Amino acid sequence: MKPYKTVLVGCGSISNSWMKACQDIPQIEICGLVDLNLANAKKTAEMYNLGEAFLNDTLTAALNTCQPDVVFDTTVPGAHKPVTLEALAFGCHVLGEKPMAETYEDACDMVKAARASGNIYAVIQNRRYDKRVRTVEAALRSGVIGDLHTVNSDFYIGAHFGGFRDVMDHVLLLDMAIHTFDAARFLSGANATDVYCHEHNPASSWYKHGASATAVFQMTDGITYNYRGSWCAEGLPTTWECDWRFIGDKGTLLWDGKDEIKVEVVSSEEGFIRDVEPADTDWVDWEESHNGHGGLIRDFVDALDSGLPPLTHCEDNIRSLAMVFGAIGSAVNGQKQPVPAHP
Ligand SMILES: NC(=O)c1ccc[n+]([C@@H]2O[C@H](COP(=O)([O-])OP(=O)(O)OC[C@H]3O[C@@H](n4cnc5c(N)ncnc54)[C@H](O)[C@@H]3O)[C@@H](O)[C@H]2O)c1
């Protein structure tokens with residue numbers, strides 16, 4: 001089978017994760033590199049030995065010249081909508097970075113455009129391709145802690161990026177919490193229906209807006225999901241994957257966001273505090289090549305081959321983005337509110 005001709009748009013820092021992964025995925029042939037700053041496209045071509053690739057500062061030129069099957073969108077959030085719509089209209093499949101868009105309305109337009117085109121538009125939510133996330137998911141699905149009713153996640157990191165994040169509105173919710181909310185949906189198997197969110201930017205914050213947030217989500221299946229996070233928390237950080245607690249009617253699972261997963265389940269039916277005992281969790285088999293961006297791009301290629309929607313298809317991903325915009329709406333209004341409906 002011939003490789004999928006692919007144009008990558010946005011040759012900034014995250015594009016390296018894509019380019020490195022694609023070096024081991026022969027079904028993807030990078031034939032064009034686009035960046036508003038052409039020097040970035042040139043640098044990427046040099047780093048990954050793509051001397052033959054077409055380099056330009058507009059997607060339009062790369063589409064017309066390369067006639068690609070696929071567009072990879074690794075631009076900044078504000079460019080995701082125009083890039084995706086242009087690529088879909090040209091007849092390409094699109095795999096893009098999170099978050100889909102800067103407003104829910106824009107994301108809905110993108111989902112509708114993908115639906116109308118018949119092409120695949122999927123979003124990189126690389127944490128779904130993490131062995132530890134898959135192991136927690138398998139443990140929860142096994143029923144070891146019974147029916148889930150409460151999920152907590154904590155995210156505390158003092159991250160000094162510089163660049164677009166420093167001047168973004170709702171930076172934590174829009175640029176980071178999308179990963180955590182998507183993981184909460186993936187791990188709980190539930191969707192959010194309502195949210196109350198308090199967002200703040202501490203006086204010491206080096207971000208323009210919204211570096212910290214606390215949100216309570218009502219999920220389907222009677223689950224409550226509590227999120228607490230900050231991107232301007234110096235000292236004693238959590239991991240980027242968060243510190244998690246899952247409580248079911250038979251016990252509790254803790255995951256520290258690293259390699260420690262602990263489970264305790266009730267072992268008696270009497271007593272003020274019931275006796276508990278540890279339960280084992282088996283690590284899932286997970287190939288290194290299926291971690292992170294590489295795993296997701298491989299699944300995207302399988303979806304192109306089969307025509308079946310990939311795990312992070314836009315029709316699914318928009319439910320995670322709805323949590324982001326529900327939380328933002330609640331933070332702005334100061335009220336509990338419904339999570340926006342699926343388009
Ligand atoms: N999945 C992850 O774990 C992860 C991690 C980091 C960043 N990201 C996401 O990746 C995206 C990019 O982040 P980054 O850190 O690489 O940013 P960056 O600023 O380092 O790179 C973005 C690049 O896109 C280019 N660009 C912007 N608009 C463009 C347009 N319209 N056409 C062509 N090029 C354009 C810029 O010139 C720049 O080179 C963001 O959406 C971010 O949220 C995801």
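Please read all numbers here as calculations on a predicted model, not as lab measurements. Remember, it's 1-based here, ligands and their atoms both numbered in the order they're listed.
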Check your understanding: Out of Thr74, Leu8, Asp35, whose heavy atom is nearest to atom 37 (O) of ligand 1?
Key ->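 It is Asp35 that holds the nearest heavy atom.
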
Review point. Between Ser13, Gly12, Ala39, which one has a non-hydrogen atom sitting closest to atom 14 (P) of ligand 1?
Key: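 Shortest heavy-atom distance from atom 14 (P) of ligand 1: Ser13.
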
Would you mind checking which non-hydrogen protein atom is closest to [atom], with the distance to 0.1 Å?
atom	value
atom 24 (O) of ligand 1	Gly10 CA, 3.4 Å
atom 27 (C) of ligand 1	Val76 CG2, 3.8 Å
atom 1 (N) of ligand 1	Asn126 OD1, 2.9 Å
atom 44 (C) of ligand 1	Glu97 OE1, 3.0 Å
atom 13 (O) of ligand 1	Phe164 CE2, 3.7 Å
atom 12 (C) of ligand 1	Thr75 O, 3.4 Å

Review point. Any ion pair linking Asp166 and Lys208 (charged N to carboxylate O, less than 4.0 Å)?
Key: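 Here Lys208 does not pair with Asp166 in a salt bridge, since their nearest N and O are not under 4.0 Å apart.
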
Exercise for review: Determine, for Asp182 against Arg128, whether the closest basic-nitrogen to carboxylate-oxygen distance falls under 4.0 angstrom.
Suggested key: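 Looking at Arg128 together with Asp182, the answer is yes, because their closest N to O distance falls below 4.0 Å.
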
Review point. Mind checking whether Tyr227 and Phe217 have ring centres under 6.0 Å apart?
Key: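 No, the ring of Tyr227 stays outside the 6.0 Å limit from the ring of Phe217, centre to centre.
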
May I ask you to list the atoms of ligand 1 that are less than 4.0 angstrom from any heavy atom of [X]?
X	result
His80	41 (O)
Ala79	28 (N), 31 (N)
His179	1 (N), 2 (C), 3 (O)
Val9	32 (N), 33 (C)
Asp175	42 (C), 43 (O)
Pro77	40 (C), 41 (O)

Check your understanding: So Glu264 and Glu277, side chain to side chain contact (heavy atoms under 4.5 Å, CB included) or not? Walk me through it.
Key -> CA-CA 5 Å; Glu264 254 183 15; Glu277 60 188 18; over 6 Å; no

Review point. Going by heavy atoms in the side chains, are Gln218 and Thr224 under 4.5 Å from each other?
Key: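 A side-chain contact under 4.5 Å exists here.
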
Check your understanding: Is the shortest heavy-atom distance from the side chain of Thr239 to the side chain of Asp256 under 4.5 Å?
Key ->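 They are not in contact (no side-chain heavy atoms under 4.5 Å apart), so the answer is no.
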
Tell me whether the rings of [X] and [Y] are parallel (<30°), tilted (30 to 60°) or perpendicular (>60°).
X	Y	answer
Phe155	Trp231	perpendicular
Trp286	His290	perpendicular
His160	Trp206	parallel

Exercise for review: Compute the minimum heavy-atom distance from Gly163 to ligand 1 and say whether it is under 4.0 Å.
Suggested key: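 No, Gly163 has no heavy atoms under 4.0 Å from ligand 1.
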
Exercise for review: Please confirm whether Arg165 comes under 4.0 Å of ligand 1, counting heavy atoms of the residue only.
Suggested key: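 Yes.
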
Check your understanding: Glu97 and His293: side-chain donor and acceptor closer than 3.5 Å?
Key ->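 There is such a pair between these side chains.
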
Geometry only, no angles: is [X] polar-contacting ligand 1 at N/O separations under 3.5 Å?
X	result
Lys98	yes
Leu36	yes
Ile14	yes

Point to revise | Counterpart residues, ring pair (Phe, Tyr, Trp, His ring centres under 6.0 Å), relative to His342 (two or more places apart) | key: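 Scan of His342 (ring pair (Phe, Tyr, Trp, His ring centres under 6.0 Å), adjacent residues dropped) gives none.
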
Practice item. Please list all pairs passing the side-chain hydrogen bond (donor to acceptor under 3.5 Å, both in side chains) test where one or both residues lie in residues 140-158, with sequence neighbours left out. Key: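 Of all non-adjacent pairs touching residues 140-158, those that pass side-chain hydrogen bond (donor to acceptor under 3.5 Å, both in side chains) are Asn152-Asn226, Ser153-Tyr225, Asp154-Arg228.
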
